[in-house]
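On a predicted model such as this, the values are computed, not experimentally measured, just so you know.
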Amino acid sequence: MPSNDVRTLLQAAAPTAVAGAVAVAISAGVAGGKGALGAVVATIVVVLFMGIGLMVLQRTARSLPHLFQAMGLMLYTAQLLLLFIFVAAFKNTTLFNPKAFAITLVATTVVWIGAQARAHMKAKILYVEPESDPGEKPENKGPRT
């Protein structure tokens, strides 16, 4: 994984983990141990889903750049649908507090998307390959005599 991709992943995952830790503390105070467990599970789900999605999107950008925008839209739509499915599947669970789970899931998803957008805007990614020799002009390339 190139360093730009790792940097973007870390810049999105770190604020999400912090938001998840805050959600765990709040959920523990409001709903007890089951609330804290729900917040932990939600944070892990968001970091895994969004992290895997970011890696897939970066791989698509390198190998199939013409599909990047369509793949990004499809990927984010699929991620949001999967997160809604998680909320619906654990709506009536007794393992953890479903409200703490759902609120943490939504909050950490919003934090991830915002942090990823910020990381992408701050990244200094070249969109044109620089020349190998700055003094060499394209018209001067070719066989030398």
Side-chain angles (χ1 to χ4, degrees), residues 1-138 140-141:
M1 183 177 245
S3 64
N4 286 333
D5 298 346
V6 173
R7 189 175 305 119
T8 301
L9 182 64
L10 289 175
Q11 288 177 346
T16 304
V18 170
V22 169
V24 168
I26 292 171
S27 298
V30 172
K34 287 193 175 197
L37 182 61
V40 167
V41 170
T43 303
I44 290 170
V45 166
V46 168
V47 169
L48 284 177
F49 276 17
M50 296 300 197
I52 291 169
L54 180 61
M55 291 187 325
V56 167
L57 194 58
Q58 295 298 337
R59 183 168 291 184
T60 301
R62 276 192 304 281
S63 61
L64 303 166
H66 59 284
L67 294 178
F68 179 69
Q69 185 177 15
M71 183 68 168
L73 291 172
M74 184 193 75
L75 181 67
Y76 287 128
T77 303
Q79 285 175 335
L80 290 176
L81 286 173
L82 283 172
L83 292 175
F84 283 130
I85 289 170
F86 261 82
V87 169
F90 291 109
K91 178 172 58 174
N92 297 321
T93 187
T94 58
L95 181 62
F96 50 78
N97 187 312
K99 286 186 181 181
F101 173 75
I103 291 169
T104 303
L105 196 73
V106 171
T108 52
T109 300
V110 169
V111 169
W112 179 284
I113 292 172
Q116 183 179 348
R118 182 181 184 280
H120 183 70
M121 289 186 332
K122 295 284 185 180
K124 296 186 179 1
I125 301 171
L126 299 174
Y127 58 91
V128 175
E129 291 293 324
E131 295 179 19
S132 59
D133 183 8
E136 192 174 320
K137 295 182 181 177
N140 293 341
K141 288 187 177 178

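Considering every non-hydrogen atom in both Leu83 and Leu105, the closest pair reads O-CD2, 3.5 Å. Scanning both residues, Leu54 and Trp112, for their nearest heavy atoms gives CD2-CZ2, 4.4 Å. When every heavy atom of Gly35 is checked against every heavy atom of Ala100, the shortest pair comes out as O-CB, 3.5 Å. Among all heavy-atom pairs drawn from Pro98 and Phe90, the shortest one is CB-O, 3.5 Å. Counting all heavy atoms, side chain and backbone alike, Leu9 lies closest to Gly51 at CD1-CA, 3.9 Å. Between Ala42 and Phe101, the shortest heavy-atom contact is CB-O, 3.4 Å.
The shortest distance between side-chain heavy atoms of Met71 and Val56 falls below 4.5 Å. Annotation: side chain of Thr109 is in contact with side chain of Ile113 (closest heavy-atom distance under 4.5 Å). Considering only heavy atoms from C-beta on, Phe49 comes within 4.5 Å of Phe86 through its side chain.
The distance from atom CG of Leu57 to atom CE of Met50, rounded to the nearest 0.5 Å, is 11.5 Å. Between atom NE2 of residue His66 and atom OG1 of residue Thr60 there is a gap of 10.0 Å, rounded to the nearest 0.5 Å. To the nearest 0.5 angstrom, Ile85 atom CD1 is 11.0 Å from Leu80 atom CG.
Residue pairs meeting the side chain to side chain donor-acceptor pair (under 3.5 Å) criterion with at least one partner in residues 20-44, sequence neighbours excluded, are absent. Within the structure, the side chain to side chain donor-acceptor pair (under 3.5 Å) test picks out the following pairs touching residues 74-83 (sequence neighbours left out): Tyr76-Gln116. Every pair tested for side chain to side chain donor-acceptor pair (under 3.5 Å) that includes a residue from residues 91-107 fails, sequence neighbours excluded, so the list is empty.
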